[in-house]
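Have a look at the structure below, then the notes.
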Protein chains: 2
Amino acid sequence: MTRQPTLNDVAVAAGVSLATASRVLNGSDRKVSATLHDRVMAAAQALHYTANAQAQALARRSTALVGLLLHDIADPYFSGIASGVLSAAVARDLRVVIADTGADPDAAVAHLSALRGERARAAILVGSRTTDRAGEKRLAEAIGQFTAAGARMVCVGQPGLPGDTVVPDNRGGARALGAHLSGHARVAIVAGPDRLRTVRDRVAGFRAGLGHPETTLVSAEFSRDGGYGAAAHIPDGTTAVFVTSDVMATGLCTGLRERGLRIPEDIAVAGFDDIPVIRDLHPALTTVALPLADMGSQALHLALAEDGPSRTVTIPTRLVIRDSTSTGS
Amino acid sequence: MTRQPTLNDVAVAAGVSLATASRVLNGSDRKVSATLHDRVMAAAQALHYTANAQAQALARRSTALVGLLLHDIADPYFSGIASGVLSAAVARDLRVVIADTGADPDAAVAHLSALRGERARAAILVGSRTTDRAGEKRLAEAIGQFTAAGARMVCVGQPGLPGDTVVPDNRGGARALGAHLSGHARVAIVAGPDRLRTVRDRVAGFRAGLGHPETTLVSAEFSRDGGYGAAAHIPDGTTAVFVTSDVMATGLCTGLRERGLRIPEDIAVAGFDDIPVIRDLHPALTTVALPLADMGSQALHLALAEDGPSRTVTIPTRLVIRDSTSTGS
DNA sequence: CTGTTAGCGCTTTCAC
DNA sequence: GTGAAAGCGCTAACAG
């Protein structure tokens, strides 16, 4: 546990001033003679010098930190987006501070405050789902304080909050899927919480594409278990189900199967998002594909904007028909 | 984009000294009179003051940062562990800087160096799989420099590197699975890269439990596609396959099915890890269960140790028999 | 109990 | 081209 070498140590070892050492080691436009440059580099190398990021941040009044707030990193939807954020971040030499917000809206508020303390350049909030109006308001307020400090806020998949937004074309994608299933007479929808704009858009789009009203609407948690539980509420005779997310659909399929229903012979099932694993379900799941990693990268790019007004990036979707609806249409 | 209020701003607003403001706002054991305390709190509240984490770190010579380095956050094995790390971190008021290391061993080296610059308290490295000896050596060296600075290093699922270690009982778990499949005469193993100790332990344990040699050993990438591709190399007549990870097994099942094989009637399949989604495969996959989130929390706890020698935590495993091997045994 | 003051390690004018 | 010195915002002795 030796003390980390400081820039001063390097300067002394190289026989130059602090300023010179700083100029050669940490990108400055000022010129330094080749001789001194090499001496400093050699000294830094020998001492295994690494600049103290905190001290730099303090002196420079800026950091390379970006916050990534997501509902649950273990959920493939979120980890897919996170993956895109991480790869874009490393390409831009940014560091990512990550946190799960879970079901608690105030968790996001708390993390936003921490990020403000860390002087993060930006924060990316992915699909925080808040249960209460009051919580949502506190969140909006926290975002306001965060951006007031000069930081950038990007929300992914959840429009309506201040800041930049990356949203899929939920309505359009769902409409295409509805059209795909429009041949079915008895259609059920398993929807996540109605308060979520995402859910509403997907349901509305699906209905528009279907062309006739669904026979059943089941509301459930936006999780695998939510979908699993919803299986019990699908009426006999239903021939197709649209589920507002793949994660839910995955659970639903298991639940339907336990009821003795065959997919797609007895009942077709389609989801939304295109998380990787659904092509390995049996049958593989029809879905509306989202470029998850790409959404993450785009969010990071928005996060880098120096200033300017809020922008919204709409992500196009793509209908992917697989075996879970093969007898449909 | 107003300037963030500083502690000095708060002190002035409250009419107290910098020191007093510091004492009430940022936990000190020193006592402050109730009057001043309240005045400071009120001022801080009014200004939306949040301490500059960098300045604190510099003055305190310590941070609340922990690094989390994983192969690929989009892989459910890693995101499961990450989830445990995050929940343990938030409970201890630690911040997590995350990065994917991918296939490149030097990515881990680079991130470790960045973490050193950030004066992170500890780093958790999850299953970095390096291809070359030289890279591994550079990694060990980077870990050496990291810990020399007084930071703690924890490796998860990958013994052999300096620092603390969290490893599952791969051998024991695989042995139980081998015993479960010992009734099969023609057994194949689909193994990840042989250079990985994890893979070797799982293969060795499985063989010990099986009690007789397997008929085929297929080597593949430690990924879904690796497993998928391996399906082509399973000889006809094989009645059971052990795959060294669930992610690979997931791909393998799809590949086998495309060959027209029924699971488990024609061929039983078993994996390892118990990632959440495998219970929703059809048939649900038999596996050796690992408490992924728990492993992550344990890693974080090891990361918090003040000092002392390296420790190793062995994680017990549990055989979970599901339908993919139901005709086996 | 409260205030003064010297740093923490680095960047950045401003002189030389 | 190089160096001296003044901070960046906060903590922690050290005096009162």
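Just so it is clear, the structure is predicted and the values come from calculations on it, not from any experiment. Residue numbering restarts at 1 for every chain, and letters A, B, ... go by the order of the sequence lines.
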Please give, in whole Å, the distance from [N] [atom2] to [X] [atom1]?
{"X": "B/Gln54", "N": "C/dC10", "atom1": "CD", "atom2": "P", "result": "14 Å"}
{"X": "A/Asn52", "N": "D/dG9", "atom1": "CG", "atom2": "P", "result": "16 Å"}
{"X": "B/Gln56", "N": "D/dG9", "atom1": "CD", "atom2": "P", "result": "13 Å"}
{"X": "B/His37", "N": "C/dT2", "atom1": "NE2", "atom2": "C1'", "result": "15 Å"}
{"X": "B/Asn8", "N": "C/dG3", "atom1": "CG", "atom2": "P", "result": "13 Å"}
{"X": "A/Arg60", "N": "C/dT13", "atom1": "CZ", "atom2": "C1'", "result": "16 Å"}
{"X": "B/Gln4", "N": "D/dG9", "atom1": "CD", "atom2": "C1'", "result": "12 Å"}
{"X": "B/Leu7", "N": "D/dC8", "atom1": "CG", "atom2": "C1'", "result": "14 Å"}

Out of [options], which nucleotide sits closest to the side chain of [X]?
{"X": "A/Ala19", "options": "D/dT2, D/dA4, C/dT2", "value": "D/dA4"}
{"X": "A/Ala51", "options": "D/dT11, D/dT2, C/dC10", "value": "C/dC10"}
{"X": "B/Ser17", "options": "C/dC10, C/dG3, C/dG7", "value": "C/dG3"}
{"X": "B/Leu58", "options": "D/dC10, D/dG9, C/dT12", "value": "D/dG9"}
{"X": "B/Arg61", "options": "D/dC10, C/dT4, C/dC8", "value": "C/dC8"}

Whether [X] contacts [N] is assessed here as follows: a side-chain N or O lying under 4.0 Å from the phosphate OP1 or OP2. Is that the case?
{"X": "A/Asn26", "N": "C/dT11", "answer": "yes"}
{"X": "B/Thr6", "N": "D/dG9", "answer": "no"}
{"X": "B/Ser22", "N": "D/dA12", "answer": "no"}
{"X": "B/Thr20", "N": "C/dC1", "answer": "no"}

I'd like to check the side chain to side chain contact (heavy atoms under 4.5 Å, CB included) partners of B/Ala21; sequence neighbours left out, ordered by chain and number.
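Listed in chain order: B/Leu7, B/Ala11, B/Val16, B/Val40.
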
Side-chain-base donor-acceptor pair under 3.5 Å for A/Arg119 and D/dG9
no

Is there a donor N/O on one and an acceptor N/O on the other, under 3.5 Å, for the side chain of A/Arg23 and the base of D/dG3?
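Looking at the base of D/dG3, it does pair with a donor or acceptor on the side chain of A/Arg23 (distance under 3.5 Å).
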
Of B/Leu18 and A/Leu18, whose closest DNA chain C nucleotide lies nearer the 5' terminus?
B/Leu18

Sidechain-backbone polar pair: B/Asp100 side chain, B/Gly102 backbone, donor-acceptor under 3.5 Å
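No, because the side chain of B/Asp100 does not come within donor-acceptor range (under 3.5 Å) of the backbone of B/Gly102.
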
For the pair A/Thr165 (side chain) and A/Val167 (backbone), establish whether a donor and an acceptor sit closer than 3.5 Å, ignoring hydrogens and angles.
no

Just by distance, no angles: are the side chains of A/Arg116 and B/Thr50 close enough, under 3.5 Å, to form a donor-acceptor pair?
yes

A/Leu125 and side-chain contact (heavy atoms from CB on, under 4.5 Å): which single residue from A/Val156, A/Val154, A/Leu161 fits?
A/Leu161

